Amino acid sequence: MMEIMEGSHAVAHAVKMCRPEVIAAYPITPQTHIVEALAEMVANCTLDAEYITVESEFSALSACLGASAAGSRVYSATTSQGLALMFEVCFNTAGMRFPVVMSIVNRALGAPLSIWNDQQDSISLRDSGWLQFYAEDNQEATDLHYLAYRVAEHKDVLLPAFVCFDGFILSHTYEPVEMLTQDQVDSYLPPYRPVLRLDSADPVSIGLFAAPDYYMEFRYLVDRALKGSAGVIQASGREFGEMFGRDYSALVEEYRLEDADCAIVAMGSICGTVKDAIDDMRKDGIKAGLLRIRTFRPFPAEEVRKALDGVSSVAVLDKNISLGAKGAVCMEVRDALYGTQIPVQGYIIALGGRDVRKKDVRNVVDLTRSGKGDIFYGLRNEVLK
Amino acid sequence: MISLRELRIHGRGGQGSVTAAELIAVAAFAGGVYAQAFPAFGVERRGAPVQAFVRFDDKKIRLRSQVYEPDYIIVQDSTLIRDVNVFYGVKEGGIVIVNTEKPITEQVPPGVRVITIDATTMALKHLGVPITNTTLMGAFAAASGEININPLEAAIRGRFTGEMADKNIAAARDAYTHVRGVT
């Protein structure tokens with residue numbers, strides 16, 4: 001049934017139906033509404049989970065790691081500086097192969113302090129071994145949690161996953177969402193059956209040190225599992241579509257790309273505005289299209305290459321910057337297109353919550369078509385002196 | 001045909017502008033259209049100028065930018081007109097609802113209908129506090145036709161409980177009847 005509600009509450013409700021057994025989180029804007037709602041459900045006994053209150057994000061994810069090691073399905077949510085504080089634990093969670101699912105309500109990183117949206121936080125953890133999904137709207141923000149648990153806990157994956165959605169722009173927006181029922185979620189997501197867990201009756205050690213003669217093999221296996229998760233995402237996403245009508249089998253979404261001259265590549269909520277801008281441009285004879293990256297890790301290089309085959313220019317919108325280099329998505333797209341002659345222009349856009357309008361998307365397409373790119377889009381003049 | 005309609009609410013922190021946007025969206029959705037409500041994400045301070053937005057459409061709403069060319073504007077506090085260009089971008093044929101007991105003397109863009117209502121007095125009468133959001137929601141329902149009064153009542157009842165809900169509904173109904181009478 002379609003209901004209208006705040007994005008954060010829709011996500012909290014979806015997480016509840018995934019039946020997490022342990023939740024540990026620390027409140028931080030704009031993620032707070034999710035964990036507040038979950039804490040209330042636990043307090044009201046409508047969610048049978050252990051809710052661990054902690055003094056920091058470092059402890060939140062550490063508690064999740066421990067609970068996952070003991071064989072529980074666990075959940076956390078964070079953003080921005082909170083995720084930065086989890087940096088070390090993020091690498092450990094992936095390295096120890098614990099299928100923790102965490103919502104990242106995307107927000108800029110300081111300094112200067114900004115509570116507003118961009119995707120610098122999760123992008124900065126791109127090398128940590130977590131799967132990364134990016135939602136365009138609140139429907140996806142909820143659905144991707146079911147998918148994330150299914151994929152993360154798959155015996156061939158066993159890796160943690162971020163479900164990323166834009167802070168405020170999605171988390172604080174009321175819009176209609178089709179919520180699954182508990183029975184539907186149960187039929188899609190069976191209880192977590194850990195392959196290996198800490199058990200005093202059958203002791204094992206997890207996450208010990210590896211000397212130089214073994215460390216690389218561990219890293220190789222994480223990389224292989226993460227790359228291999230693409231196939232599990234496709235199968236699990238297809239099954240989701242067959243059961244509930246929304247197909248997530250593709251790691252990318254193509255919008256009016258089939259005959260496009262100029263392709264825009266982007267992630268997250270900005271893609272809704274881009275789609276509307278494309279419809280307007282099409283009316284004026286500008287053949288633009290969109291390639292939306294829904295799964296950033298594993299990166300769907302083959303799909304990107306296939307989807308962009310035949311376009312004459314590519315504009316990549318990055319809500320992040322690898323300072324001293326380029327936007328993270330731009331670098332991936334260029335890498336995917338290596339060996340082709342397709343020009344790729346990168347645009348750093350919408351950092352720290354700067355609003356993006358349809359006319360901005362059109363401006364970017366104009367810039368791309370005239371070969372001007374690899375810039376911060378829409379800077380104030382005073383910094384350009 | 002342009003099916004998208006947009007509302008921008010101007011208020012001050014503490015006046016319930018974000019709640020108003022949310023409840024208007026809930027009422028519109030109950031009436032069978034797609035709706036999207038979101039705040040202009042500022043640092044929340046009581047008394048500071050705030051904005052909230054609602055979009056209505058017959059199809060799914062994808063656009064995520066703030067509202068720059070609204071069809072409707074609600075001004076919760078007329079003292080904002082001095083500080084903020086509340087009329088900015090309003091479409092020709094648009095409707096602006098201003099909470100004031102005085103006539104509007106400021107320059108209003110051509111082709112825009114301004115409806116003034118003394119929502120503060122109405123809110124004080126029904127709620128005992130000068131929080132005008134539910135009152136102005138009633139005025140918006142009557143002036144715009146985007147939402148009906150019954151789903152609006154249900155939306156208010158979904159947010160407030162007991163006597164608080166009854167009082168807010170009475171305030172909304174009072175404004176609804178008043179604006180229906182003058183338009």
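Computed from a prediction, not measured in an experiment: that's the story for all the values here. Here is the naming used below: chain letters follow the sequence lines, and residue numbers restart at 1 for every chain.
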Check your understanding: Within a strict 4.5 Å, meaning less than it, do heavy atoms of the Arg62(B) and Asp279(A) side chains meet?
Key -> yes

Point to revise | Shortest non-hydrogen contact from Thr273(A) toward Ser65(B) | key: OG1-N, 3.8 Å

Check your understanding: Is Lys60(B) salt-bridged to Asp137(A), going by a charged N under 4.0 Å from an acidic O?
Key -> yes

Review point. Within a radius of less than 6.0 Å around CD of Glu258(A), do more than 12 heavy atoms belonging to other residues, nucleotides or ligands occur?
Key: yes

Practice item. With rounding to the nearest 0.5 Å, note down the distance linking CE in Met2(A) to OH in Tyr34(B). Key: 3.5 Å

Practice item. Evaluate the side-chain proximity of Pro39(B) to His172(A): yes if any heavy-atom separation is below 4.5 Å, no if none is. Key: yes

Check your understanding: Salt-bridged, Glu175(A) to Arg55(B), with N to O below 4.0 Å?
Key -> no

Check your understanding: What's the shortest heavy-atom distance between Pro176(A) and Ala35(B), and which atoms?
Key -> CD-O, 3.3 Å

Review point. Is any side-chain heavy atom of Arg64(B) closer than 4.5 Å to a side-chain heavy atom of Thr173(A)?
Key: yes

Practice item. Would you mind checking which part of Ile270(A) comes under 4.5 Å of any heavy atom in chain B, side chain (CB onward), backbone (N, CA, C, O), both or neither? Key: neither

